[in-house]
2 protein chains.
Amino acid sequence: MSSKATTIADVAARAGVSVPTVSRVLTGSARVSQAKKDAVEAAIAELNFRPSAAARMLASRRSQVIAIVAGDTSRYGYAETIRGVEEAARAQGYTVMITVVESQDDDEVARAISATLAQSVAGIVVLKFDAPGVAVLRQLPPDVPVVALSGVRDVGTPQAVLDETRAAEELTSFLLGLGHATVHHVRVPPSRREDGRTTGWRRALRKAGAPVPVPLDATWEPRSGREIGHALATDPSVTAVFCGNDEIAMGVIRGLNDAGQRVPEDVSVVGFDDHPLAELWSPPLTTARQDFAGLGRRGFQLLLDVLGGSTERLYSSERPEVVHRESAAEPRPRAAVREARSVPAGA
Amino acid sequence: MSSKATTIADVAARAGVSVPTVSRVLTGSARVSQAKKDAVEAAIAELNFRPSAAARMLASRRSQVIAIVAGDTSRYGYAETIRGVEEAARAQGYTVMITVVESQDDDEVARAISATLAQSVAGIVVLKFDAPGVAVLRQLPPDVPVVALSGVRDVGTPQAVLDETRAAEELTSFLLGLGHATVHHVRVPPSRREDGRTTGWRRALRKAGAPVPVPLDATWEPRSGREIGHALATDPSVTAVFCGNDEIAMGVIRGLNDAGQRVPEDVSVVGFDDHPLAELWSPPLTTARQDFAGLGRRGFQLLLDVLGGSTERLYSSERPEVVHRESAAEPRPRAAVREARSVPAGA
DNA sequence: ATGAAAGCGCTAACAC
DNA sequence: GTGTTAGCGCTTTCAT
């Protein structure tokens with residue numbers, strides 16, 4: 001696709017050597033005399049030659065391309081994770097292609113897998129953050145080098161995890177320790193029946209003997225949190241809320257504010273992720289910091305280990321750190337609820 | 001990389017036909033009798049055969065892969081644009097690979113271009129949002145199918161644009177129309193000497209005969225806006241601020257608040273992009289809505305036109321729409337400035 | 001150390 | 001319609 005179709009044969013001719021010799025200097029697979037090496041390199045530069053990755057893959061049956069399979073690419077955690085994988089891959093000379101799986105529908109999952117495998121990738125990193133990711137992992141042929149990235153440890157596939165269960169438990173316990181009778185929970189769409197964040201929250205409540213309220217479901221849209229905030233405002237028993245992520249927490253706080261409730265004076269709200277805007281919010285969000293880019297980097301490293309034939313139990317776990325800011329406080333008698341202002345039409 | 005190395009020859013043998021016939025049903029390049037077609041499809045399914053994209057590209061000299069070249073992948077505008085390109089590409093059966101260019105440094109730009117071109121891509125979409133993007137565009141060989149995505153119209157390369165100059169001018173004029181003597185400007189790192197947003201702002205001020213303050217420079221980090229907000233708070237002549245993007249606007253508002261200034265009562269602040277959190281911020285942000293995903297989709301469509309050999313002047317422009325919310329108001333005598341609280345250490 | 005020959009898995013002519 | 005014959009641009013034996 002570059003200039004004309006400058007091939008390795010052109011380079012060989014120009015340098016006065018054989019084709020395999022050019023290949024040797026290209027790949028460094030065997031020693032070549034300095035003289036020929038220089039000649040080849042000069043010819044390559046003059047001809048502005050670029051080897052064809054396709055021909056290379058075909059002949060060598062090896063590939064320097066990895067695929068990232070994800071249910072989304074632009075939401076905060078996904079985008080950061082992808083950035084981490086790409087960064088680490090690039091540093092090792094790998095190219096990254098990306099496959100999006102829209103749903104856990106069989107056809108869609110099969111389509112995504114086919115599209116990915118057709119590209120002769122060296123390996124695959126799947127973001128197991130949601131149902132599509134889980135489905136892909138389950139349907140992938142067993143002999144493909146793959147690593148999963150997620151929030152909960154699992155058996156089987158090599159994986160890098162951000163242990164959200166422990167962090168959620170810690171965050172919930174912190175709220176309970178402040179004196180709240182219980183902690184309500186607003187969750188984002190879970191990857192399976194229950195996310196680690198929800199499990200951790202439940203575990204903390206159980207351990208403390210606190211009642212376990214029914215979790216409320218938000219979508220990925222921050223504004224869905226706002227509506228839930230309106231609802232939460234009408235329930236005086238709600239004094240602390242643990243949200244599935246910071247963006248939902250911001251929405252919930254906004255909804256609570258619409259209804260005249262202050263955070264943290266009337267209701268404490270904590271998020272998850274430590275989104276870049278969490279520290280700038282009013283009030284600054286207490287949350288758990290997730291190093292998504294780091295997760296991506298660890299994931300790629302693991303993939304490299306798999307590719308290297310490592311036989312170890314491939315696994316890397318890290319625990320998000322709770323960041324204490326100002327959105328959580330001791331419970332106090334709540335202010336009177338006022339009618340939630342409806343969301344402006346053009347908003 | 002899939003199962004073993006099931007090839008088209010295995011399929012042919014199993015189906016009792018020749019290799020090209022299998023190829024024909026695979027590509028639909030020629031009619032094949034229904035009987036053989038069925039046999040081939042059955043064999044493909046039984047063998048779980050997946051054609052090798054590498055072999056295909058090599059033999060046909062065509063590719064179903066496009067590359068997105070970008071200076072960043074996770075920031076809001078970038079991530080959304082990438083999402084749009086990927087979505088449109090996937091809908092047409094294309095696979096997307098992504099190349100990140102870290103800087104405008106010659107070596108880095110050359111590395112990115114080489115990595116991209118080596119993959120035998122059908123075409124390239126470059127995000128000309130920053131200096132690295134501009135540099136890549138300039139150094140790309142002239143015969144590569146490419147389209148640029150940006151905020152300012154340019155000559156040369158086919159491109160899809162989001163006309164930020166006009167939108168910035170409109171936003172600034174709106175502020176001036178409210179009665180502000182001038183509008184200060186906080187810009188994000190520009191793609192060249194000056195971004196369209198800055199140009200539009202300047203143009204509006206000139207047209208109105210308003211003084212043109214020196215623009216302030218933020219980084220891409222929202223918190224850099226906060227520090228600028230602190231500085232702005234000490235200058236009583238500042239009554240309206242136009243920020244390069246919403247995240248910086250949020251930081252500026254926060255900084256202003258730290259110093260006891262209210263928005264919009266004391267200072268009006270407007271952003272750019274209509275970030276998903278802009279409507280949830282306090283106060284909700286007046287801004288210009290940028291349809292980045294749409295830009296990405298239009299960009300891919302343009303690339304398809306280029307690939308189709310279209311000889312038209314390939315160009316697609318759209319103008320961001322100003323969204324009026326609550327962060328801008330008429331100027332009023334400002335409240336006394338109080339010492340800006342320093343940013344919390346752990347924040 | 002270097003060249004000749006033989007493919008990698010597929011598509012593209014070209015016959016029939 | 002369908003099979004035969006040639007490659008695509010590289011890497012890989014295998015000689016030398």
Side-chain angles (χ1 to χ4, degrees), chain A residues 1-41 43-44 47-65 95 114 117-122, chain B residues 1-41 43-44 47-65 95 114 117-122:
Chain A
M1 210 70 273
S2 62
S3 297
K4 241 315 126 43
T6 314
T7 76
I8 205 178
D10 301 329
V11 175
R14 174 110 184 189
V17 301
S18 71
V19 165
T21 296
V22 176
S23 175
R24 286 174 187 117
V25 347
L26 245 30
T27 61
S29 60
R31 250 182 307 287
V32 171
S33 70
Q34 193 58 47
K36 303 216 171 196
K37 187 169 182 173
D38 291 345
V40 168
E41 269 157 3
I44 287 177
L47 267 32
N48 192 27
F49 167 77
R50 296 174 207 288
S52 149
R56 213 163 213 184
M57 272 154 58
L58 188 57
S60 67
R61 271 143 298 185
R62 283 182 285 96
S63 159
Q64 291 275 92
V65 178
T95 292
S114 265
L117 260 25
Q119 295 302 320
S120 320
V121 295
Chain B
M1 205 72 268
S2 64
S3 298
K4 244 311 128 45
T6 314
T7 75
I8 205 178
D10 301 330
V11 175
R14 173 109 183 192
V17 301
S18 71
V19 166
T21 295
V22 176
S23 174
R24 287 175 187 118
V25 347
L26 244 30
T27 61
S29 60
R31 250 183 308 285
V32 171
S33 70
Q34 193 59 46
K36 304 218 169 192
K37 187 168 182 173
D38 291 345
V40 168
E41 269 157 3
I44 287 176
L47 266 31
N48 192 28
F49 166 78
R50 294 175 208 288
S52 150
R56 216 165 212 184
M57 273 155 61
L58 189 57
S60 67
R61 270 145 301 182
R62 283 182 287 95
S63 158
Q64 289 276 92
V65 178
T95 293
S114 266
L117 260 23
Q119 295 302 320
S120 319
V121 295

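We name chains A, B, ... by the order of the sequence lines, and we start the count at 1 in each one.
- For A:Pro20, taking side-chain heavy atoms from C-beta onward, the closest of the listed nucleotides D:dT11, D:dG9, C:dA4 is C:dA4.
- If you check every strand for non-hydrogen atoms under 4.0 Å, A:Val22 touches nothing.
- Counting heavy atoms from C-beta outward, B:Val40 and B:Phe49 have side chains that stay 4.5 Å or more apart.
- Listed for the A:Thr27 side chain is a donor-acceptor partner under 3.5 Å among the backbone atoms of A:Ser23.
- Mapped onto DNA chain D by nearest heavy atom, B:Ser33 and B:Ser60 fall at different nucleotides, with B:Ser33 at the one closer to the 5' end.
- Between B:Ser23 and A:Lys36, the residue anchored closer to the 5' end of DNA chain C is A:Lys36, taking for each the nucleotide with the nearest heavy atom.
- The shortest distance between the side-chain N/O atoms of B:Lys37 and the OP1/OP2 oxygens of D:dG1 is not below 4.0 Å.
- Contact annotation for A:Ser29: no contact, since no heavy-atom pair falls under 4.0 Å across all strands.
- Protein atom CE of B:Met57 is 12 Å distant from nucleotide atom P of D:dG9, rounded to whole Å.
- Neither OP1 nor OP2 of D:dG9 sits under 4.0 Å from any side-chain N or O of A:Ser52.
- Looking at B:Arg61, its side chain has no donor and acceptor atom pair within 3.5 Å of the base of D:dG9.
- With rounding to the nearest 0.5 angstrom, the OG atom of B:Ser18 is 6.0 Å from the CZ atom of B:Arg24.
- In this structure, CD of B:Gln119 is placed 16 Å from P of D:dG9, rounded to the nearest angstrom.
- In this structure the side chain of A:Thr6 never reaches within 4.5 angstrom of the side chain of A:Asn48, judged on heavy atoms.
- The distance between atom CD1 of A:Ile44 and atom C1' of D:dC10, rounded to the nearest whole Å, is 13 Å.
- Taking atom CD1 of residue A:Ile8 and atom C1' of nucleotide D:dC10, one finds them 6 Å apart after rounding to whole Å.
- The CG atom of A:Leu117 sits 15 Å away from the P atom of C:dG9 (whole-angstrom rounding).
- For D:dT12, one of the phosphate oxygens OP1 or OP2 lies less than 4.0 angstrom from a side-chain nitrogen or oxygen of A:Arg62.
- Summarising the geometry, atom CE belonging to B:Met57 is positioned 7.0 Å from atom CD belonging to B:Gln119; distances are rounded to the nearest 0.5 Å.
- Rounding to whole angstrom units, CZ of residue A:Phe49 and C1' of D:dG9 are separated by 8 Å.
- As a whole-Å value, the separation of A:Gln34 CD from C:dT2 C1' is 16 Å.
- In the set C:dG9, C:dT11, D:dG1, the nucleotide with an atom closest to the side chain of B:Leu58 is C:dG9.
- One atom, CZ of A:Arg24, and another, P of D:dT12, lie 10 Å apart when rounded to the nearest Å.
- Ranking D:dC10, C:dT2, D:dG3 by closeness to the A:Pro51 side chain, first place goes to D:dC10.
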